[in-house]
Amino acid sequence: MKKLGFGLMRLPSTDANDPSKIDMEQVKQMVDAFLEAGFTYFDTAWMYCGFQSENAAREALVERYPRERFTLATKLHAGFLKGKEDRDRIFNEQLRKTGVDYFDYYLLHDVGVDHYEIYNRLDCFDWLMEKKRQGLVKKIGFSFHDHAQLLDQVLSEHPEMDFVQLQINYLDWDSEGVQSRKCYEVAVKHHKPVVVMEPVKGGTLAQVPEAAEKLFKNYAPNRSAASWAVRFAASLDQVAMVLSGMSNMQQLLDNTSYMADFKPLDREELALVRKAVDIINANIAVPCTGCAYCVDGCPKHIAIPKYFSLYNADMQEAKDKGWTPQGEYYDRLTHLFGKASDCVGCGQCERACPQHLPIIEHLKAVAGHFGK
């Protein structure tokens, strides 16, 4: 397979504040273009796009193409498991929602210290092996958001896993919080193929600071900033697939243009990436990927990733620019969502955050910044 996968997490929407309102006509056009370019891997999950992503996969892909034309991955999330009976209930519903008879790849979603305990307690690893024996799943694995030591433990205790999905991008590569490099090295140690998620870090590396953009453009004027991020991840030897959550046709056409005949980054290009990391780390305020796991259960219905995105954008503006649009966007969003200052400090968001961000403190900064 070509190394680019279509992540169905950030699909185009007809309502910017409701990800479940998917623009299906645009998604169909994107699916057509993706397959026409020779790519086949699609990645969805139970709760993506307000629980509508799997339905979108059926309508845009499964009902319009022969089964042999594509490969489909989906996931089981521990947050929706109360007992063992929920495993089959959700799995069977996923088969119905997607319209397939089997999944090419099936993952236990977001393994970390808390979810790992749930998956073990509910015997999910053996359950998943049984699905594979029944032919309902071809390859089994898990996505992972935690430290490398735990990943080593999981892969040691469950060598039956066929692959692992990791957050890898050049900004997180040497991060002690995310530990991209260390986790990748653990996967190499266990001889597990790696599927990469968040290669562009939720769009952060598609819109890099001006100095980093200039660095890239001086070397290759026609390449997008996102292309450097995706190619960085795809250049790693153990990486089998790089997922990109493409939200519009422009992003899709850009990604497929340079990944159709993929060439790994050379030594000079890697040196440029390292320089870009230094530039970006000096500019970004909150390293949020926009996964939105923090939003579910927030008692004040605060649009946390949206506010962080606006805050980062405003902090990266030129200091002498004067008026910027981010404050206006923030004000408009507060008519639909709770304000950053409404946070009661319950900690639900921080417990759900795969990046382990100090969200409460960041929300205070956002409130102080936009509250002006």
Side-chain angles (χ1 to χ4, degrees), residues 1 3 5-9 40-48 53-54 57 62 67-68 70-81 83-146 148 150-168 183-184 186-198 238-243 354:
M1 289 187 295
K3 268 193 171 184
F6 193 159
L8 304 178
M9 179 180 177
T40 61
Y41 193 105
F42 295 83
D43 173 88
T44 183
W46 175 246
M47 73 283 211
Y48 285 177
S53 177
E54 290 170 326
V62 177
R67 186 64 179 87
E68 63 273 11
F70 61 88
T71 53
L72 185 62
T74 195
K75 312 173 188 77
L76 179 75
H77 195 285
F80 301 97
L81 299 177
K84 290 185 177 181
E85 65 280 0
D86 290 325
R87 303 171 307 178
D88 279 337
R89 177 183 62 79
I90 292 173
F91 186 87
N92 292 335
E93 181 66 4
Q94 289 175 307
L95 289 174
R96 186 197 67 77
K97 288 172 69 176
T98 57
V100 297
D101 296 322
Y102 66 90
F103 295 111
D104 300 278
Y105 302 87
Y106 197 90
L107 300 86
L108 300 180
H109 199 169
D110 188 18
V111 170
V113 63
D114 51 348
H115 289 170
Y116 188 47
E117 188 278 328
I118 294 172
Y119 290 133
N120 278 327
R121 176 166 51 82
L122 297 180
D123 202 20
C124 290
F125 288 91
D126 286 343
W127 170 83
L128 192 49
M129 278 290 291
E130 180 60 26
K131 295 300 181 191
K132 183 178 179 181
R133 283 190 288 268
Q134 294 171 356
L136 295 172
V137 175
K138 302 300 182 184
K139 298 285 186 181
I140 59 175
F142 60 92
S143 63
F144 185 82
H145 287 289
D146 214 315
L150 178 63
L151 178 61
D152 191 38
Q153 177 187 339
V154 176
L155 288 175
S156 296
E157 293 174 354
H158 295 285
E160 71 276 11
M161 295 291 101
D162 295 313
F163 67 99
V164 61
Q165 186 163 304
L166 301 175
Q167 176 170 321
I168 294 178
C183 286
Y184 173 76
V186 169
V188 171
K189 168 188 169 183
H190 288 270
H191 309 290
K192 299 299 181 184
V194 173
V195 174
V196 171
M197 55 185 165
E198 301 291 352
Q238 199 85 356
V239 167
M241 186 62 58
V242 179
L243 303 177

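Values in this document were obtained by computation on a predicted structure and should not be read as measured data. For the single chain, residues carry numbers from 1 onward in sequence order. Atoms considered below: every heavy atom in the structure, side chains included; atoms not considered: hydrogens, waters and symmetry mates.
- A ring-centre distance under 6.0 Å is not found for Phe142 and Tyr119.
- The side-chain hydrogen bond (donor to acceptor under 3.5 Å, both in side chains) search around Asn92 returns none, not counting sequence neighbours.
- In this structure, the side chain of Ser143 does not engage the main chain of Gln165 through any donor-acceptor pair within 3.5 Å.
- Between the side chain of Lys3 and the main chain of Val239, a donor-acceptor pair closer than 3.5 Å is present.
- In this structure Met9 satisfies the side-chain contact (heavy atoms from CB on, under 4.5 Å) test together with Tyr48, Cys291, sequence neighbours excluded.
- Taking the side-chain hydrogen bond (donor to acceptor under 3.5 Å, both in side chains) definition, one finds that Glu68 meets it with nothing, sequence neighbours left out.
- Under the salt bridge (charged side-chain N to carboxylate O under 4.0 Å, His left out) criterion, Asp104 pairs with Arg67, not counting sequence neighbours.
- Applying the salt bridge (charged side-chain N to carboxylate O under 4.0 Å, His left out) criterion to Asp110, with sequence neighbours excluded, gives no partner residue.
- Annotation: side-chain hydrogen bond (donor to acceptor under 3.5 Å, both in side chains) contacts involving residues 123-133, sequence neighbours excluded, comprise Asp88-Trp127, Asp88-Lys131, Glu130-Arg133, Glu130-Gln134, Lys132-Asp162.
- Panel note: side chain Asp86, backbone Gly83; a donor-acceptor pair is recorded below 3.5 Å.
- Note on residues 93-103: pairs passing salt bridge (charged side-chain N to carboxylate O under 4.0 Å, His left out), not counting sequence neighbours, are Glu54-Lys97, Glu93-Arg96.
- Formation of a donor-acceptor pair under 3.5 Å by the Gln94 side chain with backbone atoms of Lys75 is found in this model.
- Listed by chain and residue number, nothing satisfies the salt bridge (charged side-chain N to carboxylate O under 4.0 Å, His left out) test with Lys84 (two or more places apart in sequence, or in another chain).
- In this structure, the side-chain hydrogen bond (donor to acceptor under 3.5 Å, both in side chains) partners of Glu157, at least two apart in sequence or on a different chain, are Tyr116, Gln153.
- Side-chain N or O atoms of Gln167 include none that pairs as donor or acceptor with a backbone N or O of Phe144 at under 3.5 Å.
- Considering only residues two or more places apart in sequence or on other chains, Ala73 meets the side-chain contact (heavy atoms from CB on, under 4.5 Å) condition with Tyr41, Asp43, Tyr105, Leu107.
- For Asp114, the salt bridge (charged side-chain N to carboxylate O under 4.0 Å, His left out) test picks out no residue, with sequence neighbours left out.
- Annotation: side-chain hydrogen bond (donor to acceptor under 3.5 Å, both in side chains) contacts of Ser53 (sequence neighbours excluded): Thr44.
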